[in-house]
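First comes the structure, then the notes that go with it.
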Amino acid sequence: MGTIDTLILRTIVDTAHDHFFVVDADGKVRYVSPSAAAVYGISCEELRASTVQRLEADGVLNPSISMEVIRTGQPAQLVQRTGTGRRVIAQAHPVFEDGKLVAVVSRSMDLTDLQLLQQEYALLQKRFSDHLKRSQALEGDETALEEVLDELEVKSPLMREVALLLRRVAPTDATVMMLGESGVGKTAFARQLHRWGSRCDGPFVDVNCAAIPESLFEAEMFGYRAGAFSGAAPGGRIGLIEQAAGGTLFLDEIGELPLGVQTKLLKAIQDGRISRLGDNQSRRVDFRLVVATNQDLSRRVEEGSFRLDLYYRLNVIPVTLPPLRERREDIPGLVERQLKRLNRRYGKEKLLARSSWQSLMSQDWPGNVRELENWLERAWLSSDDVIDAKGSASPGLLAARQQEAAPVEDRAEPARPSPLREEEGLKDALNRFEHGILAELCMTLSSTYAIAERLSISQPSVVRKLKQHGLSITR
């Protein structure tokens, strides 16, 4: 590398917002960027005169990410606590020459800076939201917008604001991250975003990331050539990303992606190109990306289980959908819409008892819209011509009644399903029993993989069943 190139590279590193370390394979510090001194509490000269082993022993690096890479030879990401009491997110990558580790390059970002950026972004979001309220740009499309809001049963001010924000960003290709609890309607709004966008004539590819095993993710997402691996289809297969070309790729449960898979996805998003398994040629793909999660991704970044660079790439337009308990105005419309669907599906006109509304409106519905719709279907199937909430209690209602009736010392235990109820069929009883088992496991086990192992079924089956019952892991 020439002198000018070296000076350019040094200037880039010295003026970067991140803090850089370069150490050799023995742990000797070869270079640190000037900004690192303020974060780690030691001058650059002292840092360069030391080793990462000594810095770790002295508590300056707690722990040393470079030592982790030297031990494993693999890239790493973790949260450090520095000698100045700061918490930083650090990433490190090995440098090999002829297959031998010769150096480790690491960079870190102060979480204080990240929090300030998040606060600044929240302020900009609020200003943008206020601007939307004042804007008259949608006047000519107000009728069409109202029709869509009615179709989605959006009555509450909170959800109308969400819909207006999505309507404004829909014509762009900006990545949208849907945030909110399980069952709040993230998929429905992602589909509506697609319909509003310039790619509405293209495909909408809905992918549940939690339902694809890590070993199959690359083949499913990127596709493969014929003969790429044992058992591959004779003609090869087009991947889900390619299927979304010209349209929208919706990645639900993005927080469930393993770290190794996150790296491959990030590269595809950054480059706009993919390579099928077994293929040396890359292919350009053009799609709009929308993701959704019910997890706190910023916390997962701090824990080291989600890549910081992928988080930044996805968190362009964050849109939070509030839970149903914070927008009870939407419940009547959602109930009426689901009742129409059920009447049409099963070919019989049933009504909801007027006395049921108070119970429906007073519940918190922890499973949100999905739980409400699932309860109504169970009640529809187990009722005659009139659906009565008192006779077909929702999981929330049933748990509350059992909790009230239980002795104080027993209330910490999850309620088990009762025996067969009067006029209850086998299908409904099994469904209720399954819900009880899954609800109990969600409280005692920490992942869908653990639940799958406990029940001796596949992890995708667990994900599907939890979604069906409006449940999520609470441990």
Side-chain angles (χ1 to χ4, degrees), residues 1 6-97 100-121 258-260 262-263 266 296-313 315:
M1 182 181 291
T6 302
L7 291 174
I8 292 174
L9 181 59
R10 175 64 63 86
T11 301
I12 292 173
V13 173
D14 286 350
T15 58
H17 188 71
D18 290 352
H19 319 297
F20 286 87
F21 270 70
V22 179
V23 306
D24 62 23
D26 296 325
K28 171 67 178 174
V29 179
R30 295 301 182 188
Y31 173 79
V32 293
S33 57
S35 60
V39 175
Y40 293 97
I42 297 182
S43 69
C44 292
E45 291 73 19
E46 291 177 286
L47 288 170
R48 293 191 190 102
S50 187
T51 65
V52 290
Q53 292 93 331
R54 188 183 311 153
L55 293 172
E56 186 177 55
D58 293 342
V60 177
L61 304 175
N62 184 25
S64 166
I65 191 170
S66 298
M67 285 296 299
E68 177 67 18
V69 175
I70 291 173
R71 283 192 292 265
T72 64
Q74 299 293 324
Q77 174 177 288
L78 54 79
V79 176
Q80 289 178 331
R81 187 171 293 278
T82 72
T84 60
R86 291 172 176 262
R87 293 170 66 241
V88 300
I89 297 175
Q91 293 179 320
H93 299 269
V95 179
F96 294 99
E97 184 177 23
K100 181 181 179 182
L101 179 70
V102 295
V104 176
V105 177
S106 67
R107 69 174 187 229
S108 61
M109 169 174 280
D110 192 342
L111 278 177
T112 306
D113 295 338
L114 178 60
Q115 290 167 355
L116 289 175
L117 286 172
Q118 289 174 332
Q119 292 171 6
E120 182 180 352
Y121 195 87
L259 275 172
Q262 293 175 28
T263 304
L266 175 64
D296 185 348
L297 290 189
S298 61
R299 176 173 295 180
R300 295 206 65 191
V301 169
E302 292 184 28
E303 295 169 350
S305 57
F306 200 86
R307 291 182 62 98
L308 178 64
D309 41 12
L310 179 59
Y311 175 74
Y312 282 143
R313 180 67 65 171
N315 194 35

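Position 1 is the first residue of the sequence, and the numbers go up from there.
- Across every non-hydrogen atom of Q262 and L310, the tightest pair is CB-CD2, 3.7 Å.
- Between the CG atom in L297 and the OH atom in Y311 there is a gap of 6.5 Å [rounded to 0.5 Å].
- No side-chain heavy atom of V69 sits under 4.5 Å from any side-chain heavy atom of P75.
- Put simply, the side chain of S108 never gets that close to the backbone of A90: no donor and acceptor are under 3.5 Å apart.
- Of the possible polar contacts, none joining the K28 side chain to the V52 backbone as a donor-acceptor pair under 3.5 Å is found.
- Closest approach of A92 to I65, counting heavy atoms only: N-CD1, 3.7 Å.
- Under 3.5 Å, the side chains of Q91 and R107 contain a donor-acceptor pair of N or O atoms.
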- Task: Tell me, with the steps shown, if R71 and E68 meet salt bridge (Lys or Arg N to Asp or Glu O under 4.0 Å).
- Result: CA-CA 5 Å; R71 283 192 292 265; E68 177 67 18; 3.2 Å; yes
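- You'll find the side chain of L266 reaches within 4.5 Å of the side chain of R313, heavy atoms only.
- Using a 4.5 Å heavy-atom threshold, the side chains of I89 and V301 count as touching.
- Although no hydrogens or angles enter the test, the distance criterion places no donor-acceptor pair under 3.5 Å between the side chain of E56 and the main chain of L61.
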- Query: Given R48 and V32, is the side-chain contact (heavy atoms from CB on, under 4.5 Å) satisfied, shown in steps?
  - Reply: CA-CA 7 Å; R48 293 191 190 102; V32 293; 4.1 Å; yes
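- Atoms CD and CZ, on Q77 and F306 in that order, are 10.0 Å from each other to the nearest 0.5 Å.
- The shortest heavy-atom contact between S33 and C44 is O-SG, 3.8 Å.
- Expressed to the nearest 0.5 Å, how far CD1 of I70 lies from CG of D26 amounts to 7.5 Å.
- Counting heavy atoms from C-beta on, the side chains of V95 and L101 never come closer than 4.5 Å.
- Here OG of S305 is found 6.5 Å from CG of L259. Values are rounded to the nearest 0.5 Å.
- The shortest non-hydrogen separation linking P94 to G73 is CG-O, 3.5 Å.
- The pair D309-R307 meets the salt-bridge criterion, since a charged nitrogen lies less than 4.0 angstrom from a carboxylate oxygen.
- With values rounded to the nearest 0.5 angstrom, L55 atom CG is found 6.5 Å from F21 atom CZ.
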